[in-house]
Novice: 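Sharing a structure, written as structure tokens. Questions coming.
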Amino acid sequence: RRAVVRIGRSSTSIDRRTIHLEGEISSLQAIDKESVLVGYRNGRLRVVDLLTERIGDQIDVGFRNPIDRIILGPRGEKVVMISGREARLVEMDSIELNGNRDQAAVCYELVGSRDKLWNATFDPKGNVVAVTGRDGNIRFYSTSEGKPQGRLPDLDGCGWSLVWTD
């Protein structure tokens with residue numbers, strides 16, 4: 001069974017069913033065929049189970065501004081979230097639908113950029129993540145602890161999008 005998800009200001013529509021979520025939604029990423037990650041304008045994250053319509057509590061990943069983009073790693077073990085000039089690498093196994101109101105995810109801050117970030121991509125094995133933005137640099141980070149691994153400087157303009165091939 002497939003799910004088509006459409007986002008409104010505070011609801012998600014799935015196969016003509018509507019799941020109402022509190023707060024303003026700013027981004028969305030499918031985890032698998034059964035669940036999605038929902039980013040909010042308040043910088044928090046929520047997991048929604050599409051089959052049971054169960055909605056997880058909001059998870060604090062350290063942002064105070066809207067989550068602009070959510071990028072899932074190739075094995076679904078890690079996810080990068082971008083919020084303005086900040087990026088976080090989050091371990092998916094630390095995110096649950098457990099009803100814990102004070103839930104915090106295991107995450108690493110991807111440091112280095114002083115300008116707006118636009119996108120990220122993982123290498124095919126999920127060991128390295130590349131992040132780019134307005135400053136034209138591509139920065140590389142280890143996915144084991146989020147440590148910087150180097151950068152490709154000044155691409156002569158903004159780095160809007162990234163794709164990592166084999």
Side-chain angles (χ1 to χ4, degrees), residues 5 7 10 12 21-32 34-50 55-153 155 158-164:
V5 180
I7 297 295
S10 62
T12 301
L21 303 171
E22 296 175 12
E24 290 186 44
I25 298 167
S26 61
S27 58
L28 180 75
Q29 172 66 53
I31 300 171
D32 52 33
E34 300 174 0
S35 53
V36 294
L37 288 171
V38 180
Y40 285 87
R41 292 190 54 77
N42 68 0
R44 293 187 174 238
L45 182 72
R46 196 173 249 170
V47 178
V48 177
D49 186 309
L50 301 175
I55 301 167
D57 292 323
Q58 288 195 21
I59 302 164
D60 185 1
V61 291
F63 292 137
R64 298 297 163 244
N65 293 310
I67 296 176
D68 301 319
R69 187 167 302 242
I70 303 170
I71 303 99
L72 189 67
R75 295 187 306 265
E77 296 172 356
K78 310 274 184 175
V79 64
V80 170
M81 284 168 277
I82 295 173
S83 176
R85 296 177 178 172
E86 299 178 271
R88 304 269 192 283
L89 175 69
V90 178
E91 295 183 10
M92 286 299 296
D93 60 2
S94 70
I95 299 173
E96 301 175 5
L97 281 169
N98 64 6
N100 180 357
R101 301 303 276 173
D102 298 321
Q103 184 176 5
V106 174
C107 65
Y108 307 100
E109 185 174 4
L110 304 179
V111 297
S113 180
R114 294 187 177 145
D115 211 336
K116 176 103 172 133
L117 297 173
W118 297 117
N119 211 337
T121 188
F122 289 83
D123 78 294
K125 294 183 180 180
N127 297 324
V128 177
V129 63
V131 180
T132 191
R134 188 180 303 168
D135 67 1
N137 291 295
I138 299 175
R139 288 179 172 78
F140 299 92
Y141 302 91
S142 158
T143 58
S144 60
E145 294 180 355
K147 294 190 180 195
Q149 300 294 305
R151 74 181 175 97
L152 291 174
L155 296 173
C158 294
W160 292 101
S161 188
L162 288 173
V163 176
W164 199 311

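When a residue number appears, it is its place in the shown sequence, counting from 1. Hydrogens, waters and symmetry mates play no part in the numbers below; they use all other heavy atoms, side chains included.
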Novice: I need the R44 CZ to I59 CD1 distance, nearest 0.5 Å.
Specialist: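 Rounded to the nearest 0.5 Å, the CZ-CD1 separation comes out at 10.0 Å.
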
Novice: State, yes or no, whether a side-chain contact exists between M92 and L72 at a heavy-atom distance under 4.5 Å.
Specialist: yes

Novice: Partners of F140 by ring-ring contact (aromatic ring centres under 6.0 Å, His included), sequence neighbours excluded?
Specialist: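 Partners of F140 under the ring-ring contact (aromatic ring centres under 6.0 Å, His included) test: W164.
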
Novice: Can you measure from CG (N137) to CZ (R139) and round to the nearest 0.5 angstrom?
Specialist: 4.5 Å

Novice: Determine the minimum heavy-atom distance between G62 and D60, stating which atoms define it.
Specialist: N-OD1, 2.8 Å

Novice: Going from CG on N119 to CD1 on I82, what distance comes out if it is rounded to the nearest 0.5 angstrom?
Specialist: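 Spacing of CG (N119) from CD1 (I82) equals 6.0 Å.
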
Novice: Do F63 and D68 come within less than 4.5 Å of each other through their side chains, counting heavy atoms only?
Specialist: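 Not touching, per the 4.5 Å side-chain cut-off.
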
Novice: What is the distance from atom CZ of R88 to atom CD of E109, rounded to the nearest 0.5 Å?
Specialist: 4.5 Å

Novice: Which atom pair, heavy atoms only, marks the closest approach of L117 to A87?
Specialist: CD1-CB, 3.7 Å

Novice: For the backbone of V128 and the side chain of D123, can you confirm whether one donor and one acceptor N or O come within less than 3.5 Å of each other?
Specialist: yes

Novice: Is any side-chain heavy atom of E91 closer than 4.5 Å to a side-chain heavy atom of Y108?
Specialist: yes

Novice: Is it the case that over 12 heavy atoms from other parts of the model lie below 6.0 angstrom from the NZ atom of K125?
Specialist: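 It does not: K125 NZ has 12 such atoms or fewer within range.
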
Novice: Measure the spacing between CG of L45 and CD of Q29 and express it to the nearest 0.5 Å.
Specialist: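 If I round to the nearest 0.5 Å, the distance is 11.0 Å.
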
Novice: What's the spacing between M81 CE and E86 CD if we round to 0.5 Å?
Specialist: 12.0 Å

Novice: Is a side-chain donor or acceptor of R69 paired with a backbone partner of W118 at a separation under 3.5 angstrom?
Specialist: yes

Novice: Looking at side-chain heavy atoms only, is the closest gap between R41 and S26 below 4.5 Å?
Specialist: yes

Novice: In the structure I gave you, are the side-chain heavy atoms of R85 and N65 within less than 4.5 Å of one another anywhere?
Specialist: no

Novice: If you define the side chain from C-beta out and look only at heavy atoms, does anything of F122 sit under 4.5 Å from T143?
Specialist: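 Side chain of F122 against side chain of T143, heavy atoms only: contact under 4.5 Å found.
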
Novice: Of the non-hydrogen atoms in V131 and A120, which two are nearest, and what is the gap between them?
Specialist: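 Nearest heavy atoms, V131 then A120: CG2-CB, 4.0 Å.
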
Novice: Is a side-chain N or O of S27 found less than 3.5 angstrom from the main chain of I70, in a donor-acceptor match?
Specialist: no

Novice: I want to check something: taking the side chain as every heavy atom from C-beta on, are T121 and V163 in contact at a cut-off of under 4.5 Å?
Specialist: no

Novice: Might you work through the side-chain contact (heavy atoms from CB on, under 4.5 Å) test for Q149 and S142, ending with a clear yes or no?
Specialist: CA-CA 6 Å; Q149 300 294 305; S142 158; 3.5 Å; yes

